[in-house]
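Start at 1 with the first residue, then count along the sequence. Side chains included, hydrogens not; waters and symmetry mates left out as well; all remaining heavy atoms used. Whatever order the structure lists them in is the order used to number ligands and atoms, beginning at 1.
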Amino acid sequence: MVYNDALTMRKRAWKADRSKVPTGALAKSVITDAKKTEARSWLGSVSVDALQSSLRDLDTAYRNFFDSLSGKRAGRRSGLPRFKSRKDNRQSLRFSRNGFRLRSNGKLNLAKIGDVRVKWSRVLPADSSSVTIVLDPSGRYHASFVVDVEPDHLPELDTEIGIDLGLTTYAVLSDGTVIDNPRFLRKAEKTLKAAQRALSRKAKGSKNRAKARRKVARAHAKVADTRLDWQHKQTTRLIRENQAVYLEDLNVRGLARTWLAKSVHDAGWSTFRRLLTEKAARYGRHVGVIGRFEPTSQVCSACGVLDGPKPLAVREWTCTACGTLHDRDLNAARNILAAGQADRLNACGGPVRPGVAIPRQVQPVETGTHRNAGRTGRKPRALARGGCQQVSFPGSSGTIGNHPALDRRRPAGHAPVPRKG
Ligand SMILES: [Zn+2]
């Protein structure tokens, strides 16, 4: 309600004289003054904190829109903020530090709502600065706490690994380990279809329809939960067992538009990568992402010769130069490892000063191109790379980019891993 009122005000002001309503005036008008009117008097019974956070959300929505217009924000263009519908079943409420308290009996006290029972999924590792309560489409409320976690660095290891993500198998590691694709969505398809059919038979607007809809949502939520749980296990293991993990920057959005869409979503690569990055930061490990257009499946990992494009159906091939028989994915994983190590130790040929250089993520040049699309005559990777970027941070606080995890680089002067051959 506050969000929509504020949006109306900002839209009106913009139409009238292209002006921006200051946040203070906005808050006074849609919260403080609105409480005095009859139609909005119920706002008095809602936590002020929650009301203000919806104004902040609107602010963020506008900022994203303008940043995206000016090109400051990468990715797909964000649209103008839209009105929120009451029918929208994704509802959320945020409480900042003063808006909530944890009771000793495990209950959560929310401002103006009171004590609520919580089924804790895990113990909070530290004091939390805010909590968001989300109602998901399956009718469950979730409380997610923002917690600053102290890094918990694990002892350093010598092992580093390259990961080739795929669809036939979830991943092949450069040491030969194969992680099977669990295909949670595909497996649950029968249940999902049955629930979907039941939903379509219910009369529109009926209570039974709402119930059936929650059932469908619950079935989907279960798939998502199982997948996330599995991804947590895999990523934790990878980060624990390796000092550095390298993977390819897959064009997930591009692939998701193709006939592979369902499988790509089911694989959840972006979440996999995000979990790896988060855990690496926490445990003092390194995650390197190599550019999307490295011909990792075309280069022989034994002699380094570019052997030419291979259709996806080719699972094994023999190098024409050195005669090595390759498993397609294992060879790719080895190339990813080599490319990642070269990137990390030899950023643009210059020596790596500890804690100064961050791995560069290659900007997408062509979107929507399959990574295995035939690109003959490509130069080997080191030459195909774009410019180089070295970033230095004066302070020590900040984001992943200069996380302590990244400070633990090998000493400068360490010989960069050469491309074999
Ligand atoms: Zn070869």
### Task
Enumerate the protein N/O/S atoms at a distance below 2.8 Å from the Zn ion (ligand 1), ignoring waters.
Cys300 SG, Cys303 SG, Cys319 SG, Cys322 SG

### Task
Kindly check if the number of other-residue, nucleotide or ligand heavy atoms within 6.0 Å of NZ (Lys11) is above 12?
yes

### Message
By the definition side-chain hydrogen bond (donor to acceptor under 3.5 Å, both in side chains), identify the one residue from His286, Arg344, Arg285 that meets it with Glu160.
### Response
Arg344

### Query
Is it true that atom NZ of Lys187 has more than 12 heavy atoms of other residues, nucleotides or ligands lying nearer than 6.0 Å?
yes

### Message
With a 4.0 Å cut-off on N to O distance, would you call Asp127 and Arg97 a salt bridge?
### Response
no

### Message
Whether the side chain of Arg103 engages the backbone of Asn109 through a donor-acceptor N/O pair (distance < 3.5 Å, no angle test) should be reported.
### Response
no

### Task
Hey, could you give me the NE2/CG distance between His232 and Asp229, rounded to the nearest 0.5 Å?
8.0 Å

